Amino acid sequence: MLSVLLFVLFASGTPTFTPVLPPSYPLAVRNPYLSAWLPGNQAAELPVAVPQFWNGQNLTWSIIARIDGQAYSLFGVPVPGAGVKAASVQSAEYTSTHTTFTLTAGSASFVLDFLSPISPLDYVRQSLPFSYVTVSASGTNGATPDVQIYSDIDNSWIGQFGEDVQTSWSYATTEASTSVLTLTPGGTANYSEVNDMAQWGTAVYCARGSDVSAGVGMSSDVRGSFAVNGSLSGSWQWRPGSVIGFSQCLGTISAPTNVTFAIGYWRPAAVNYMGNARTAYFTSSCQDINCACVHALTDFQAADAEARALDATIAGKASSVAGSNYSDILALSARQAFGAIDITIPADTLDTNDVMAFIKEISSDGNVNTVDVIYPTAPILYVMAPEYIRLLLEPVMQYLATGDWPHNYTVHDIGSNYPNATGHNNGTAELMPVEECGNLLTLAYMYTKASGDKDWVEKYQSLFQGYADYLVVNGLYPTQQLSTDDGAGSVANQTGLAIKAAIALKAFGAMTGQTNYTNYGDQFAAVLYNQAVGVDAGKTHFILVENADDTWALEFNLYMDVLLGLNTFSTDALAMQTSYYPSIRKPAGVALDSSLDWGKTDWMIFAASTAMAQGVDNEGVRDMFIDDVHALITNGLNPVPFSDKFFVENQGPDVQGGWNSYRARPVVGGHFALMALGGPSQILVGAGESHKRASLGRHG
Ligand SMILES: *[C@@H]1O[C@H](CO)[C@@H](O)[C@H](O)[C@H]1NC(C)=O
Ligand SMILES: *[C@@H]1O[C@H](CO)[C@@H](O)[C@H](O)[C@H]1NC(C)=O
Ligand SMILES: *[C@@H]1O[C@H](CO)[C@@H](O)[C@H](O)[C@H]1NC(C)=O
Ligand SMILES: *[C@@H]1O[C@H](CO)[C@@H](O)[C@H](O)[C@H]1NC(C)=O
Ligand SMILES: *[C@@H]1O[C@H](CO)[C@@H](O)[C@H](O)[C@H]1NC(C)=O
Ligand SMILES: *[C@@H]1O[C@H](CO)[C@@H](O)[C@H](O)[C@H]1NC(C)=O
Ligand SMILES: *[C@@H]1O[C@H](CO)[C@@H](O)[C@H](O)[C@H]1NC(C)=O
Ligand SMILES: *[C@@H]1O[C@H](CO)[C@@H](O)[C@H](O)[C@H]1NC(C)=O
Ligand SMILES: *[C@@H]1O[C@H](CO)[C@@H](O)[C@H](O)[C@H]1NC(C)=O
Ligand SMILES: *[C@@H]1O[C@H](CO)[C@@H](O)[C@H](O)[C@H]1NC(C)=O
């Protein structure tokens with residue numbers, strides 16, 4: 001088996017992977033339901049590769065080129081028809097917004113460029129539910145080949161895999177020579193999912209040009225027609241096993257020539273917020289699919305240029321903060337983090353002054369706006385768009401303000417199953433009282449500090465104060481309860497929760513000027529560190545359980561103290577904890593605590609960042625964590641979207657360096673924690689004309 005694989009690799013020449021060969025390449029990753037990936041272990045065999053939805057379902061998405069009458073598969077054709085040859089993969093590369101493959105075939109070479117823009121401050125562009133693939137062709141060695149390009153998708157994009165499902169399709173041509181193919185599931189309920197894929201809405205494929213032809217039918221027929229004729233014609237009929245596809249004629253190539261397709265998933269009702277439909281902010285620009293396709297393709301060049309600048313900025317800053325390994329991690333994290341978020345407005349009024357963001361707790365449970373998912377995700381938002389912290393918390397605060405949540409601590413999430421943000425009026429939700437009160441207050445201060453906006457916190461002041469009071473009473477010796485890492489189980493007197501409470505009380509004090517809360521935070525810290533309730537007697541490290549000296553934990557909660565400059569814990573305390581980590585590192589990294597054989601990448605980078613607190617400045621520990629996360633994404637064991645949870649040692653069936661149940665989660669936004677130490681809003685993307693126009697239009 002291995003020798004066969006090696007032979008295949010050798011025979012076709014091993015491609016180069018820049019910057020590394022990752023676990024999985026983001027291809028079209030824009031929101032929880034537009035999330036297509038290519039497992040890294042298929043990249044060298046791109047012509048026969050099968051892309052996947054984040055949750056592992058195979059997706060049909062093919063690209064075929066016809067060169068001087070000969071068809072070559074470039075991407076996604078596991079069963080090439082007769083006479084179709086496979087192109088040869090030369091290289092693969094990822095940046096923060098692009099995944100790019102180069103191939104050669106006949107007398108031509110091709111670049112497949114998958115773009116998922118990240119433009120957080122331009123709500124229209126950010127919420128556009130489309131990604132792009134651009135196919136560029138050029139002749140090799142002075143050749144001027146005749147080239148046509150073909151691409152198709154099928155109803156795997158709408159979560160339909162069986163023979164007996166209802167699928168309807170449509171084809172239209174509209175303004176600006178835009179062609180639109182769609183697939184819509186039938187007989188399914190609004191807001192319903194199957195294995196996390198949306199069952200309501202429409203998959204859309206868009207192309208542009210006067211020389212585009214479209215086809216619908218069995219994939220062998222449609223692809224075969226292209227292979228023979230270089231265009232699509234004939235009678236169209238959808239049957240199980242069909243595809244919808246485009247062919248575009250590039251003609252005789254004497255200079256690099258390209259074609260761009262836009263691929264999308266359209267949900268007029270995107271999120272159900274307490275019974276009210278919310279739609280993508282983008283809907284304020286376009287209310288129908290044809291308009292959306294025209295918009296997407298018209299916006300492509302500007303979106304691409306902006307995204308390329310962003311790629312360079314993130315790579316440059318990351319490298320200067322902590323080197324190329326850190327840059328490799330961030331480039332792989334950015335699309336995944338934003339790809340869990342929907343930016344919405346009300347579906348009925350389309351009021352662009354009523355913006356809310358929703359985030360799916362992808363893969364771990366599908367909850368809506370989980371407070372302890374927003375918290376680890378927040379560093380990327382702090383760096384690129386601090387207002388998203390408010391936009392994500394706003395639906396939580398509005399819900400809490402109704403009083404329908406019957407407890408005096410913060411709710412864990414506002415809905416068990418995305419996209420149904422229907423609350424927990426019966427009071428039953430995952431129970432993490434200290435965790436979520438601490439997170440909420442800390443996030444509120446993070447937003448306030450970054451934005452200078454005091455009004456928002458004032459609006460919910462009494463709720464926030466109630467949660468601060470809850471922490472005053474319950475934060476220092478938490479009862480038996482879960483922390484954010486619920487997989488670690490329910491434990492009493494968790495030092496990590498008490499640390500979180502102390503920092504959150506300081507944050508609340510700083511945010512509201514009420515020094516009594518600041519004093520409580522300082523008192524908590526004094527008990528935990530000075531009086532050694534939360535550290536071992538020899539003061540070598542913080543302990544997992546108060547007064548249990550033989551325990552230890554990764555104290556990621558210390559990070560926000562450093563980021564927000566709260567000085568709850570002394571430099572001595574931070575330096576002590578930092579210098580302890582190398583002594584508990586297992587072969588693949590530091591476990592989350594002394595009872596576990598797994599670790600979390602987001603929290604590792606929080607700890608790496610804490611190591612860079614002023615006066616601690618421990619680059620060795622910083623790099624230890626970064627290199628362990630880097631090893632995770634390069635060890636070849638994990639062909640899934642970036643997993644933030646992995647085994648740090650071999651134990652029973654657990655494989656060191658192997659991923660552990662979580663994938664594609666937005667918490668990888670936490671990898672920006674080190675960069676975030678450089679301050680908020682360092683990288684502003686999308687603050688450009690279209691957003692200004694949109695908001696001016698609404699206000700004016
Ligand atoms: C998904 O595609 C892979 C090839 O990558 C194939 O081996 C597997 O059988 C497919 N799974 C399903 C459920 O079709
Ligand atoms: C959301 O709620 C609707 C009913 O309003 C239901 O049909 C759908 O299955 C729910 N979605 C999820 C993901 O549970
Ligand atoms: C090729 O195009 C011709 C003319 O439109 C058509 O008659 C023929 O059926 C096509 N062949 C295939 C294989 O689609
Ligand atoms: C595609 O072609 C256009 C026009 O020649 C060019 O401006 C653009 O840079 C090309 N895009 C890519 C991604 O190669
Ligand atoms: C589903 O959502 C669409 C779009 O918002 C709406 O028009 C339709 O009435 C909804 N269907 C049901 C059964 O609620
Ligand atoms: C609360 O509501 C949820 C969802 O409807 C349900 O699963 C749960 O059993 C309810 N709990 C109680 C105590 O009624
Ligand atoms: C929260 O509620 C519990 C029980 O309902 C009560 O005992 C406690 O005093 C309250 N705590 C605060 C800080 O309000
Ligand atoms: C938690 O710590 C407090 C204070 O030391 C102690 O009174 C309490 O018994 C501890 N709880 C448990 C469950 O050990
Ligand atoms: C802190 O002081 C404020 C204003 O003086 C008061 O309203 C609040 O109850 C105090 N909180 C605590 C926990 O003492
Ligand atoms: C980067 O991380 C790898 C592990 O993937 C490690 O072997 C290497 O030493 C690190 N390189 C640098 C420059 O730190």
Side-chain angles (χ1 to χ4, degrees), residues 5 24 36-53 55-62 75-80 93 95 97-102 109-115 117 131-138 147 149 154-156 159-163 194-195 197 208-209 219 240-241 248 250-251 253-262 297 300-309 311 434 473-481 489-498 501 524 527-528 531-535 543-549 551 639-640:
L5 182 66
S24 191
W37 299 74
L38 183 77
N41 61 8
Q42 297 191 48
E45 308 296 330
L46 199 66
V48 296
V50 180
Q52 297 180 355
F53 186 66
N55 203 16
Q57 296 95 320
N58 287 348
L59 297 172
T60 297
W61 190 6
S62 81
F75 167 61
V77 189
V79 187
E93 179 175 6
T95 59
T97 63
H98 289 82
T99 293
T100 310
F101 303 98
T102 61
S109 67
F110 294 89
V111 180
L112 308 189
D113 187 345
F114 294 86
L115 165 66
S131 290
Y132 303 95
V133 58
T134 298
V135 185
S136 307
S138 44
V147 176
I149 303 293
D154 73 1
N155 59 349
S156 58
Q160 297 195 321
F161 300 94
E163 295 267 309
V194 55
N195 292 333
M197 298 187 83
R208 174 168 287 176
S219 67
Q248 183 149 3
L250 299 185
I253 303 292
S254 52
T257 305
N258 62 54
V259 46
T260 296
F261 302 99
L297 289 169
F300 169 71
Q301 281 207 328
D304 187 49
E306 181 184 75
R308 284 177 196 280
D311 292 346
V434 172
V473 176
N474 300 288
L476 185 54
Y477 298 105
T479 54
Q480 181 170 340
Q481 60 190 275
S490 186
V491 178
N493 288 335
Q494 289 184 60
T495 308
L497 288 177
F524 281 21
V527 170
L528 292 169
Q531 297 169 34
V533 165
V535 296
I543 48 188
L544 171 63
V545 178
E546 291 162 351
N547 296 315
D549 278 20
T551 61
V640 298

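Basis for what follows: all heavy atoms, side chains included, without hydrogens, waters or symmetry-related copies. One-based numbering, in listed order, for ligands and for the atoms of each. Predicted model only: the values in this text are computed from it and were never measured.
- The ligand atoms of ligand 8 that sit less than 4.0 angstrom from a heavy atom of A492 are 13 (C).
- Between E93 and T102, every side-chain heavy-atom pair lies at or beyond the 4.5 Å cut-off.
- Formation of a donor-acceptor pair under 3.5 Å by the E546 side chain with backbone atoms of L528 is not found in this model.
- A distance-only check finds a donor-acceptor pair linking the side chain of T495 to the backbone of I543 [under 3.5 Å].
- Between the side chain of T99 and the main chain of F114, no donor-acceptor pair closer than 3.5 Å is present.
- In this structure, S136 has no side chain to side chain donor-acceptor pair (under 3.5 Å) partners at least two apart in sequence or on a different chain.
- Under the side chain to side chain donor-acceptor pair (under 3.5 Å) criterion, N474 pairs with no residue, sequence neighbours left out.
- For F524, there are no ring-ring contact (aromatic ring centres under 6.0 Å, His included) partners two or more places apart in sequence or in a different chain.
- Ligand 4 places these atoms under 4.0 Å from at least one heavy atom of N258: 1 (C), 2 (O), 3 (C), 8 (C), 10 (C), 11 (N), 12 (C), 14 (O).
- For the pair Q248 (side chain) and G209 (backbone), a donor-acceptor distance under 3.5 Å is absent.
- In this structure, N493 contributes its side chain and V545 its backbone to no donor-acceptor pair below 3.5 Å.
- For ligand 4, the atoms closer than 4.0 angstrom to any heavy atom of S136 are 14 (O).
- Ligand 8 has no N or O atom lying under 3.5 Å from any N or O atom of Y477, backbone or side chain.
- Residue Q301 has at least one heavy-atom neighbour below 4.0 Å for each of these atoms of ligand 4: 7 (O).
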Put together the list of close N/O pairs, under 3.5 Å, between ligand 1 and the protein, could you?
residue  : atom   : partner : partner atom : Å
ligand 1 : 2 (O)  : N58     : OD1          : 3.3
ligand 1 : 2 (O)  : N58     : ND2          : 2.3
ligand 1 : 11 (N) : N58     : ND2          : 2.9
ligand 1 : 14 (O) : N58     : ND2          : 3.4

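- Where the criterion is an N or O separation shorter than 3.5 Å, residue side chain and backbone included, T134 fails it with respect to ligand 4.
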